Structures are given as C-alpha cells and as structure tokens.
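Quantities reported herein were computed from a predicted structural model and do not represent experimental measurements.
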Amino acid sequence: MSTILEKIAAIEQEMARTQKNKATAGHLGLLKARLAKLRRELITPKGGGGGTGEGFDVAKTGDARVGFVGFPSVGKSTLLSNLAGVYSEVAAYEFTTLTTVPGCIKYKGAKIQLLDLPGIIEGAKDGKGRGRQVIAVARTCSLIFLCLDVLKPLVHKRLIEHELEGFGLRLNKQPPNIYFKKKDKGGINLNCMVQQTELDLDTVKSILSEYKIHNADVTLKYDATSDDLIDVIEGNRIYVPCIYILNKIDQISIEELDVIYKIPHCVPISAHHKWNFDDLLEKMWEYLKLVRIYTKPKGQLPDYNAPVVLHSDHTSVEDFCNKLHRSIAKEFKYALVWGSSVKHQPQKVGLEHILADEDVVQIVKKV
C-alpha cells in the first residue's frame with residue numbers, strides 16, 4: 001500500500017514541477033492518467049475480500065438517501081438528531097461519531113434516509129482515518145450534504161472536495177459529453193466538434209496508451225480537459241448533487257449572512273437552534289429531483305397519503321408499474337391519468353407516457 005502512496009506522491013510532485021504549455025500537455029495528460037489508475041488501485045485493492053469492518057454500510061431504505069459529509073465537529077450529528085429525531089452521540093470533542101448512524105425523515109410524502117457519516121480528515125482518499133469507508137458510503141448517496149463551519153468554510157470546502165474527487169465523486173457536475181468507444185483495429189480516431197484548447201490527437205493518444213488502448217473512436221462535443229477524458233475512460237465516476245451546509249450561523253453577523261446567501265448551492269443553518277431547516281429541506285427536495293405519483297383504485301378517491309416516488313429521470317408509466325410490482329407491466333392494458341402531463345382529464349395513455357409531479361394514475365389491466 002505504501003508503494004502506491006509513494007508513487008502517487010511522486011507523480012503529484014512531478015506534475016507540480018512541470019510547466020503547463022502546449023509542449024508539455026501530452027506529458028501532463030499521461031501523468032494524470034497514471035494518477036487516476038493508481039487512485040483506482042487504492043479504492044479497489046487487489047486480492048481477496050478482507051473483513052467487512054464493523055457495520056459501516058447501512059441497508060438502503062426509503063426513496064432516496066442523503067449523506068452528511070464534513071470534518072469532525074462541524075455539527076453533523078446535531079443536525080441529524082434535530083432533523084430526524086435519531087440520537088447520534090454529540091460531544092465537544094472530535095470523532096464522536098465512529099460508524100454510520102442512519103435516520104429517516106418523511107418529507108412531502110417521500111421517505112428520505114439520512115446518514116450521519118464519521119468526520120473526514122485530510123488524506124482520507126489515501127486511506128487515513130476510516131476515510132475510505134466514509135467516502136465509499138458517500139458514493140451510494142443520491143445527495144450529499146457537505147457540512148462546513150461558517151467561520152472557516154472555504155478552506156474546509158476545498159479540502160473535502162479534493163478528497164471526494166480523488167475518490168471518483170464529482171459534486172454538482174454533469175457527466176462529460178464525450179463519446180468514447182473501443183474498437184478492434186484502425187488506430188485512434190479523434191473528432192472535435194468545437195475547437196479544443198487542451199486536448200489534441202497526441203495528448204489523447206498518450207492518455208489512451210497509458211490504459212493500453214490503441215484503437216478507439218473519441219468524439220469531443222465541447223472544449224474538454226484531459227481530466228474529463230480520463231473520467232470517461234475510467235467509467236467509475238459518480239456524479240452526485242451536493243448542498244453546502246454552513247452551520248453555526250449564530251456566531252456571525254447579519255451582514256455576513258447576506259453575503260453567504262449569495263453563494264450557489266449553499267444553505268446557512270444553525271443545527272443547535274434549529275434555524276433555517278425549512279429552507280434546507282426545500283433545497284434538498286429540489287436537488288433530489290423526486291416526482292410523486294398518486295394511485296387511484298377504481299371507483300374510489302385517490303390516495304394522497306402514500307405517493308409512489310420516482311426519480312425525475314425515470315417517470316414513464318412503465319417505471320411507475322415496475323415500482324408497484326413487476327407483474328403489472330405484463331398485464332397492463334392502459335392507464336388513466338389526471339394531472340399536468342395530459343391535455344384531457346382523465347386521458348388514456350400507454351406504457352411510454354411520461355408522468356409529471358403529483359399526477360393521479362389509475363391502471364387498467366387486461367382481463
């Protein structure tokens with residue numbers, strides 16, 4: 001393990017020494033690719049699976065899961081206790097929480113699982129201080145709450161983002177719009193739809209050769225960087241929305257609070273005094289992009305208490321049927337839909353109809 005860490009340190013030193021210009025772009029791309037490969041080896045060690053540790057990952061329940069990530073003693077446990085009513089040990093010393101503490105809240109009819117993860121320290125991506133297990137659980141979350149202390153937010157934010165990015169998590173980003181396909185022969189074929197400032201054929205070849213890929217089609221649909229290309233080749237990156245929670249706002253002035261409110265993806269709160277929780281929950285709902293669909297049994301009123309919750313990427317009638325039960329789609333004849341996704345109330349639709357938030361659906365089966 002130490003050898004991998006030493007190799008990573010050596011490559012980072014070399015990258016810091018190398019000047020950035022067109023002549024060195026290929027070499028820097030090669031170094032970045034090597035770094036990404038070594039990081040992947042750190043994440044997935046070779047050899048047989050070892051012990052699982054003392055119950056770090058928690059079974060997934062509810063419609064979405066939200067992870068609290070942050071340095072020790074920024075108020076993650078207090079926030080979980082006050083939001084979900086679950087007791088997560090709170091004390092004035094660092095590393096009070098040692099394993100994952102789950103909680104669950106019901107918001108707008110959806111069950112959302114909250115996970116209080118142990119504090120992250122610098123060097124977590126290299127395996128320091130249970131950092132690996134923490135970030136591995138964070139990779140399974142649908143949204144991340146990055147808890148920061150309002151008195152030193154930017155330093156912490158940069159450090160934690162660096163740790164998470166080293167582990168293949170990309171916060172508030174979209175997957176790179178790059179088409180990449182391996183082939184058997186024909187060399188590297190590079191198509192650029194817009195002018196590239198960083199990548200050219202030689203740089204792309206040097207990055208791909210590090211992965212032992214000598215025949216591939218690459219199409220760059222925007223001005224991409226070598227990091228974007230490496231993300232696409234690695235293919236194990238996870239793109240997660242993230243909300244920065246600035247805790248302990250009871251310690252700053254109103255003027256400072258006005259400035260903080262203008263930062264994107266940011267919610268200032270006070271976990272101890274329970275200030276601004278409604279704003280936080282509203283923002284959480286917006287970032288989770290959940291869609292509620294109400295069911296209506298034949299001849300009865302719709303059931304508004306227990307919606308079927310779908311993610312906004314998968315909101316067809318077929319997804320709705322599969323969420324209820326796998327056999328329904330096979331016996332499906334048509335569905336009647338009331339709501340904003342249809343012109344007529346009700347309207348007959350098929351399996352591929354896309355539903356909108358708070359639609360009411362009645363399914364009619366084949367006889």
Is the side chain of [X] donor-acceptor paired with the backbone N or O of [Y] at a distance under 3.5 Å, no angle test?
{"X": "S206", "Y": "G26", "result": "yes"}
{"X": "T18", "Y": "E14", "result": "yes"}
{"X": "D231", "Y": "P176", "result": "no"}

Below 30° counts as parallel, above 60° as perpendicular, anything between as tilted: where do the rings of H273 and W275 land? parallel
Look at atom [atom1] of [X] and say whether more than 12 heavy atoms of other residues, nucleotides or ligands are closer to it than 6.0 Å.
{"X": "Q19", "atom1": "CD", "answer": "no"}
{"X": "K108", "atom1": "NZ", "answer": "yes"}
{"X": "K111", "atom1": "NZ", "answer": "no"}
{"X": "K289", "atom1": "NZ", "answer": "no"}

Starting from the C-alpha separation in whole Å, work towards a yes-or-no answer on side chain to side chain donor-acceptor pair (under 3.5 Å) for E161 and Y244. CA-CA 11 Å; E161 280 182 344; Y244 303 109; 2.4 Å; yes
Please report the interatomic distance [atom1]([X]) to [atom2]([Y]), rounded to the nearest 0.5 Å.
{"X": "L280", "Y": "K274", "atom1": "CG", "atom2": "NZ", "answer": "14.0 Å"}
{"X": "L30", "Y": "I207", "atom1": "CG", "atom2": "CD1", "answer": "8.0 Å"}
{"X": "L171", "Y": "K157", "atom1": "CG", "atom2": "NZ", "answer": "9.0 Å"}
{"X": "C266", "Y": "K283", "atom1": "SG", "atom2": "NZ", "answer": "8.0 Å"}

Do you reckon V342 sits in the same ILVMFWY cluster as L336, going by side-chain contacts under 4.5 Å, direct or chained? no
Give the intermediate values and the outcome of side chain to side chain donor-acceptor pair (under 3.5 Å) for residues D279 and Y261. CA-CA 11 Å; D279 202 16; Y261 240 107; 2.5 Å; yes
Which atom of L35 lies closest to which atom of M15, heavy atoms considered: CD2-SD, 4.1 Å
Residues in side-chain contact (heavy atoms from CB on, under 4.5 Å) with M193, at least two apart? T219, K221
Between the side chains of K296 and D303, is the shortest nitrogen-to-carboxylate-oxygen separation below 4.0 Å, so that they form an ion pair? no
Indicate yes or no: does E210 engage R34 in a salt bridge with an N to O separation below 4.0 Å. yes
Which is it for Y239 and Q174 under the side chain to side chain donor-acceptor pair (under 3.5 Å) test, yes or no, and what are the steps along the way? CA-CA 7 Å; Y239 297 85; Q174 292 301 317; over 6 Å; no
